[in-house]
K.L.:
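Right, I'll just put the structure down here and ask away after.
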Amino acid sequence: EQLDREREERALQEREWRARFKEARARVREEEARCWREVVRTEYRAGIPVQMKVQEFVESEAFRQAKQDLAELEEEFRRTGHPPGWARE
């Protein structure tokens with residue numbers, strides 16, 4: 001009975017950590033997607049100016065914060081001593 005309780009508690013902890021990592025990684029992906037901007041650039045080809053639409057990555061404060069939050073979560077997890085597989089997707 002004690003062993004079953006410990007297994008259930010451990011399984012619950014694993015689910016909680018996996019959910020926290022999933023949420024943090026999703027936030028990083030969402031913020032990264034928002035950082036891409038379509039801009040018009042003028043480039044010269046054989047001396048002729050040509051305007052081109054290009055995708056440009058402009059890192060935002062929200063993206064930096066999301067990455068920092070994920071790094072802090074990874075550090076917090078590292079200190080727990082739980083199996084590293086819990087932090088993977």
Side-chain angles (χ1 to χ4, degrees):
E1 190 174 307
Q2 174 71 16
L3 184 60
D4 288 340
R5 258 198 315 268
E6 287 176 11
R7 284 182 183 156
E8 288 174 17
E9 183 178 321
R10 195 158 169 83
L12 176 63
Q13 288 176 345
E14 180 179 2
R15 284 192 302 273
E16 289 173 352
W17 277 107
R18 286 185 184 273
R20 289 177 69 186
F21 274 104
K22 183 178 181 179
E23 182 180 315
R25 288 187 181 107
R27 185 165 167 246
V28 169
R29 281 192 298 273
E30 289 168 7
E31 293 301 333
E32 182 179 20
R34 289 187 184 118
C35 290
W36 287 97
R37 307 278 186 253
E38 189 172 275
V39 295
V40 177
R41 298 247 187 236
T42 302
E43 292 190 11
Y44 291 89
R45 305 285 176 163
I48 302 170
V50 178
Q51 289 189 332
M52 301 171 57
K53 285 185 181 178
V54 295
Q55 293 286 323
E56 180 178 78
F57 186 79
V58 180
E59 193 172 273
S60 68
E61 184 58 37
F63 178 61
R64 279 190 221 98
Q65 185 61 49
K67 286 194 315 185
Q68 179 64 33
D69 292 345
L70 179 59
E72 289 172 4
L73 181 63
E74 288 170 343
E75 180 61 23
E76 179 185 345
F77 180 76
R78 185 188 66 78
R79 287 192 213 120
T80 65
H82 291 307
W86 291 9
R88 296 188 193 118
E89 289 187 50

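Along the sequence shown, the residues carry numbers beginning at 1.
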K.L.:
For residues 21-43, pull every pair meeting ring pair (Phe, Tyr, Trp, His ring centres under 6.0 Å), keeping only residues two or more places apart or in separate chains.
P.N.:
Phe21-Phe77, Trp36-Phe57

K.L.:
Please report the interatomic distance CG(Asp4) to CD(Glu1), rounded to the nearest 0.5 Å.
P.N.:
7.5 Å

K.L.:
Are Arg27 and Glu23 within salt-bridge range, i.e. N to O under 4.0 Å?
P.N.:
no

K.L.:
Using modelled atom types only, decide if a donor and an acceptor are shared between the side chain of Arg18 and the backbone of Gly85 within a distance under 3.5 Å.
P.N.:
yes

K.L.:
Roughly how far, to the nearest 0.5 Å, is the CZ atom of Arg25 from the CD atom of Glu74?
P.N.:
6.5 Å

K.L.:
When rounded to the nearest 0.5 angstrom, what is the spacing between CZ in Arg79 and NE2 in His82?
P.N.:
13.5 Å

K.L.:
Given side chains that start at C-beta, do those of Phe63 and Val28 come closer than 4.5 Å, heavy atoms only?
P.N.:
yes

K.L.:
For the pair Glu32 and Arg29, find out whether any cationic side-chain nitrogen is under 4.0 Å from an anionic carboxylate oxygen.
P.N.:
no

K.L.:
Do Glu16 and Trp86 come within less than 4.5 Å of each other through their side chains, counting heavy atoms only?
P.N.:
no

K.L.:
From Glu31 CD over to Leu70 CG, what is the distance, rounded to the nearest 0.5 angstrom?
P.N.:
13.0 Å

K.L.:
Closer than 4.0 angstrom, basic N to acidic O: yes or no for Arg10 and Glu14?
P.N.:
no

K.L.:
With rounding to the nearest 0.5 angstrom, report the CD to CZ distance, Glu9 to Arg5.
P.N.:
9.5 Å

K.L.:
Are side-chain N/O atoms of Glu61 and Gln65 paired as donor and acceptor at under 3.5 Å?
P.N.:
no

K.L.:
Do Arg7 and Leu3 touch side chain to side chain, with heavy atoms closer than 4.5 Å?
P.N.:
yes

